[in-house]
There are 2 protein chains.
Amino acid sequence: MKEIRKRSECPISYCLDFFGDKWALLIIRDIVLNDKYTFGDFLSSDESIATNILTDRLKMLEAEGFIVKYPVPGKARVGYCLTEEGISLISVVIEMALWGASKNVNGYRKELGAELKKDKSKVIKQLATKFTKKYRRVKNNLEQLDEKSKK
Amino acid sequence: MKEIRKRSECPISYCLDFFGDKWALLIIRDIVLNDKYTFGDFLSSDESIATNILTDRLKMLEAEGFIVKYPVPGKARVGYCLTEEGISLISVVIEMALWGASKNVNGYRKELGAELKKDKSKVIKQLATKFTKKYRRVKNNLEQLDEKSKK
DNA sequence: TTTTATACTTGCAAATTGCAAGTGCAAATA
DNA sequence: TATTTGCACTTGCAATTTGCAAGTATAAAA
């Protein structure tokens with residue numbers, strides 16, 4: 001698992017301690033903007049992440065509290081869901097999306113682009129609300145599974 | 001020099017094509033928030049970048065049009081200044097700063113933190129204006145040097 | 001029990017980072 | 001003019017990370 005070392009007291013540096021690589025934020029993106037949640041989902045993204053890198057980054061994100069793993073129906077299937085910590089990254093991801101879009105790289109549907117231009121904060125809030133609800137459901141589910149396994 | 005390859009049409013991925021490493025955005029940070037502009041300035045930051053990595057990243061940032069190099073008085077001395085392209089990264093840097101600060105990593109003076117909380121957009125605009133003015137001065141200067149060398 | 005789907009794990013080569021010594025260039029000084 | 005000093009890189013090499021692709025473990029269905 002990618003080792004996290006705090007390089008300085010600078011908040012930007014701190015952010016890059018976790019996310020200063022080509023892949024970690026792409027996983028957050030896939031969850032936030034592409035509704036992906038399984039290992040296979042992330043593997044199928046256009047950037048073609050390698051399985052060992054994906055595993056490594058998911059482990060880091062989970063260990064640092066940005067995502068949580070939960071069972072999904074299907075053989076050996078699992079999903080990954082943002083925690084509150086992970087949800088706080090949405091604004092960074094959106095800011096990058098706006099930056100890239102300003103360079104005429106905009107693979108997202110036109111409506112999202114228009115919404116972001118119209119009211120960026122509103123979009124961020126809506127996404128945060130959506131994933132907060134999902135996180136609560138998943139957390140409850142995990143807690144219930146935990147109780148069951150104790151019987 | 002770090003090779004830039006466009007991995008997909010996603011704007012976030014596009015941003016990470018340039019900045020998905022531990023160092024490139026730290027250079028932008030140093031220019032924007034620490035008023036640094038020479039090789040030696042960047043070398044002295046708390047994160048201790050290696051000279052070969054710094055050179056590599058400065059070359060990339062220059063080649064991609066985010067910064068421009070200009071002469072500074074002193075022996076073999078040069079400075080680096082944001083271009084309009086580079087200035088457009090300020091909002092990403094600031095969003096990361098806010099994220100890091102929300103995790104209680106805040107090595108900046110309290111006033112900046114307060115200003116950002118009060119009116120993030122205003123701070124971003126002020127910084128953009130400041131560096132736009134500097135870029136214009138530098139560009140004019142470079143153009144004049146260019147004219148001189150043709151005589 | 002066997003097959004299938006999923007999530008990883010592993011071995012290895014290529015690429016990148018980090019350390020620290022070295023080199024080249026420009027300006028100041030003797 | 002020659003030498004010294006300051007600055008911006010460059011270089012050699014070891015350590016680490018990434019990427020490729022085959023392999024393995026687990027869970028559920030047949």
Side-chain angles (χ1 to χ4, degrees), chain A residues 1-8 13 16-27 30-31 36-63 67-81 145 148-149, chain B residues 1-8 13 16-27 30-31 36-63 67-81 141-142 145 148-149:
Chain A
M1 182 175 83
K2 176 173 161 175
E3 195 80 21
I4 305 298
R5 182 175 72 85
K6 185 173 169 185
R7 293 181 285 166
S8 75
S13 176
L16 294 171
D17 288 339
F18 300 102
F19 299 105
D21 72 283
K22 286 160 54 186
W23 301 110
L25 265 181
L26 282 190
I27 295 170
D30 277 346
I31 296 173
K36 296 189 171 187
Y37 55 96
T38 69
F39 194 92
D41 285 345
F42 303 133
L43 265 190
S44 70
S45 293
D46 289 349
E47 298 81 16
S48 312
I49 189 171
T51 55
N52 58 331
I53 303 301
L54 177 55
T55 298
D56 182 87
R57 296 298 187 283
L58 287 170
K59 277 198 171 99
M60 182 278 285
L61 291 172
E62 195 181 355
I67 60 175
V68 69
K69 186 156 87 165
Y70 63 96
V72 169
K75 308 176 215 185
R77 215 159 179 241
V78 298
Y80 295 90
C81 164
L145 287 178
K148 272 191 194 172
S149 71
Chain B
M1 181 175 83
K2 176 174 165 176
E3 195 82 22
I4 305 299
R5 181 175 72 88
K6 186 174 170 186
R7 293 181 285 165
S8 76
S13 175
L16 294 171
D17 289 340
F18 301 102
F19 299 104
D21 72 282
K22 287 161 53 187
W23 300 111
L25 267 180
L26 281 189
I27 294 170
D30 276 346
I31 296 173
K36 294 188 175 191
Y37 56 95
T38 70
F39 194 91
D41 284 345
F42 303 133
L43 264 191
S44 71
S45 293
D46 289 349
E47 298 82 15
S48 310
I49 189 171
T51 54
N52 57 330
I53 303 301
L54 178 55
T55 300
D56 182 87
R57 296 298 188 282
L58 286 170
K59 277 198 172 99
M60 183 275 287
L61 291 171
E62 195 180 357
I67 61 175
V68 69
K69 185 156 75 166
Y70 62 96
V72 169
K75 309 178 222 189
R77 217 161 178 240
V78 298
Y80 296 89
C81 163
N141 203 17
L142 287 174
L145 287 179
K148 272 192 196 171
S149 72

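Numbers restart at 1 for each chain; the letters A, B, ... are given by sequence-line order, proteins then strands.
Of the possible donor and acceptor atoms, none in the side chain of Lys36(A) sits under 3.5 Å from a partner among the backbone N and O of Ile27(A). With hydrogens and angles ignored, the 3.5 Å screen pairs a side-chain donor or acceptor of Asp56(B) with a backbone N or O of Lys2(B).
For the pair Trp23(A) and dT17(D), the criterion of a side-chain N or O lying under 4.0 Å from OP1 or OP2 is not met. Tyr37(B) has no side-chain polar atom (N or O) that falls below the 4.0 Å cut-off from OP1 or OP2 of dA8(D). OP1 and OP2 of dT18(D) both lie 4.0 Å or more from every side-chain N or O belonging to Lys2(A). Contact between the side-chain N/O atoms of Lys59(A) and the OP1/OP2 oxygens of dC8(C) is not found at any separation under 4.0 Å. Here Tyr80(B) reaches the OP1 or OP2 of dC9(D): one of its side-chain N or O atoms lies under 4.0 Å away. For Lys75(B), no side-chain nitrogen or oxygen approaches OP1 or OP2 of dT3(D) to under 4.0 Å. Phosphate contact (OP1/OP2 of dT17(C), side-chain N/O of Arg57(B), threshold under 4.0 Å): present.
In this structure, the CD atom of Glu3(B) is 18 Å from the P atom of dT18(D), given to the nearest Å. The distance from atom CG of Leu54(B) to atom P of dC7(D) is 15 Å, rounded to the nearest whole Å. Whole-Å rounding puts the Ile27(B) CD1 to dC9(D) C1' distance at 14 Å. Here the C1' atom of nucleotide dT17(D) and the CE atom of Met1(A) are 15 Å apart, to the nearest Å. The distance between atom CD1 of Ile49(B) and atom C1' of dA20(C), rounded to the nearest whole Å, is 16 Å. Between Asn52(A) atom CG and dT16(D) atom C1' there is a gap of 13 Å when expressed in whole angstrom units. When rounded to the nearest whole Å, the span between CD1 of Ile53(A) and P of dA14(C) equals 17 Å. As rounded to whole Å, 17 Å separates atom P of dA15(D) from atom NZ of Lys22(B).
Annotation: of the two residues near DNA chain C, Pro73(B) and Ser48(B), the 5′-most nearest-nucleotide partner is Ser48(B). Toward the 5' end of DNA chain C, the nearer of the two residues Arg77(B) and Leu58(A), judged by each one's closest nucleotide, is Leu58(A). Comparing Ala50(A) and Gly74(A) by the nucleotide of DNA chain D that holds the closest heavy atom to each, the one mapping nearer the 5' end is Ala50(A).
Taking the side chain of Asp21(A) as heavy atoms from C-beta on, and the options dT17(C), dC9(D), dT18(D), the nearest nucleotide is dT18(D).
Here the NZ atom belonging to Lys69(A) is positioned 5.5 Å from the CD atom belonging to Glu62(A), to the nearest 0.5 angstrom. Considering OG1 of Thr55(A) and CE of Met1(A), their distance stands at 13.0 Å, rounded to 0.5 Å. Expressed to the nearest 0.5 Å, how far CD1 of Ile4(B) lies from CE of Met60(B) amounts to 4.5 Å. Atom CG of Leu25(A) is separated from atom CZ of Phe19(B) by 13.5 Å, given to the nearest 0.5 angstrom.
For Thr55(A) against dT9(C), no side-chain N or O and base N or O form a donor-acceptor pair under 3.5 Å. Residue side chain Thr51(B) does not reach the base of dA8(D) through any donor-acceptor N/O pair under 3.5 Å, judged by distance alone.
Asp56(A) comes within 4.0 angstrom of no nucleic acid atom, judged by non-hydrogen atoms across all strands.
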